[in-house]
S.K.: 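Handing you a structure now.
One-based numbering, in listed order, for ligands and for the atoms of each.
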Amino acid sequence: MGQPQPGKQTPLVTRQPGQPDTLVEVGPVTFGGSRVVLIGGPCAVESQSQMCAAAEVVAAAGGTLLRGGAWKPRTNPYDFQGLGREGLAHLAAARRATGLPFVTEVLDPRDVEVVAQVADMLQIGSRSVQNFPLLREAGASGKPVLLKRGMMTTVDEWLSAAEYVLAAGNENVVFCERGIRTFEPALRNTLDVGSVAVLKEKTHLPVIVDPSHAAGDVRYVTALARAAVAAGADGLLVETHCDPEAALSDAAQSLTPDQFKELAASCGAVARAIGRDL
Ligand code: PEP
Ligand code: MN
């Protein structure tokens, strides 16, 4: 028994010599191609009208995938926990109104089936990245999976988490860097832009960045988003709310519709500078 060899622990996730990028399709949206995918929407689903209004904003700015949490992983048990199944119905209504597919978080392995029946893509949140039964269930659902990085997860641990999904027969995994905990308290988390470059080399799967949870503050979201695109991210996941001050979660990092539109334009310029589009 020697040291584990790189890549041997995660044979399905690791890029084999010469292996091309895997494209992950979510309805009409392709992750891993030349177009940088923009995902937008509120942190939490709060009502049907809130979700539909946010969806219009995302579509108008050139976003192609909608987000919104129906089940929210809250640090404090007395904080708003999400609308659950009712939230899923609001997401589906927003999809009907705009044509945008949606991604939403599934927190509990027992909810995978009900979420997979409605959602276009399942999000595994930071706090769940090493919930192995949840990873297995999400894998078995056959739905594309957006796998957030844990705030304390190394790149290799994150790759191993993805391996659980692939080992369950589901190759449609997209990694999402969202910042890690470091000694630096200036931002909510420290965006590890380097992990994008490392993952693009280590795995054939797409990698996107969530600048919202990394920054935790609207003043910094766009700068981090631009850095992510410049580093080679295949997409961005950005929180936006039509009335950020009234948002029931993550208000401080939620962009107004105008700020979201500006982010899209400015990241589009960065994408074009490196031969991509957004
Ligand atoms: C979210 O996307 O709203 C979320 C809870 O993200 P994370 O798991 O990265 O904290
Ligand atoms: Mn959030």
S.K.: Check this for me: does any side-chain nitrogen of one of Lys72 and Asp79 sit under 4.0 Å from a carboxylate oxygen of the other?
M.R.: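 Answer for the salt bridge query: no.
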S.K.: Using the rule side chain to side chain contact (heavy atoms under 4.5 Å, CB included), only one of Val238, Leu236, Leu66, Ile208 pairs with Ile39; which is it?
M.R.: Ile208
S.K.: Can a salt bridge be assigned to the pair Lys202 and Asp156 using a cut-off of 4.0 Å between side-chain N and carboxylate O?
M.R.: yes
S.K.: Listed by chain and number, what are the side chain to side chain donor-acceptor pair (under 3.5 Å) partners of Asp120, not counting sequence neighbours?
M.R.: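 Here the qualifying residues are Arg95.
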S.K.: Salt bridge check, Arg67 against Glu239: does any charged N sit closer than 4.0 Å to a carboxylate O?
M.R.: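 Salt bridge: yes.
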S.K.: So, Arg188 and Asp250, do they make that salt bridge, N to O below 4.0 Å?
M.R.: yes
S.K.: At the Mn ion (ligand 2), what angle lies between atom OD2 of Asp250 and atom OE2 of Glu239, rounded to 10 degrees?
M.R.: 120°
S.K.: Give the protein residues with at least one non-hydrogen atom closer than 4.0 Å to an atom of ligand 1, ordered by chain and number.
M.R.: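 Residue list for ligand 1: Cys43, Arg67, Lys72, Pro73, Glu105, Gln123, Gly125, Ser126, Arg127, Lys148, Arg178, His213, Glu239.
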S.K.: Please name the atom of His213, restricted to N, O or S, that is closest to the Mn ion (ligand 2).
M.R.: NE2
S.K.: Strictly below 4.0 Å, N to O, side chains only: are Asp234 and Lys200 in salt-bridge contact?
M.R.: yes
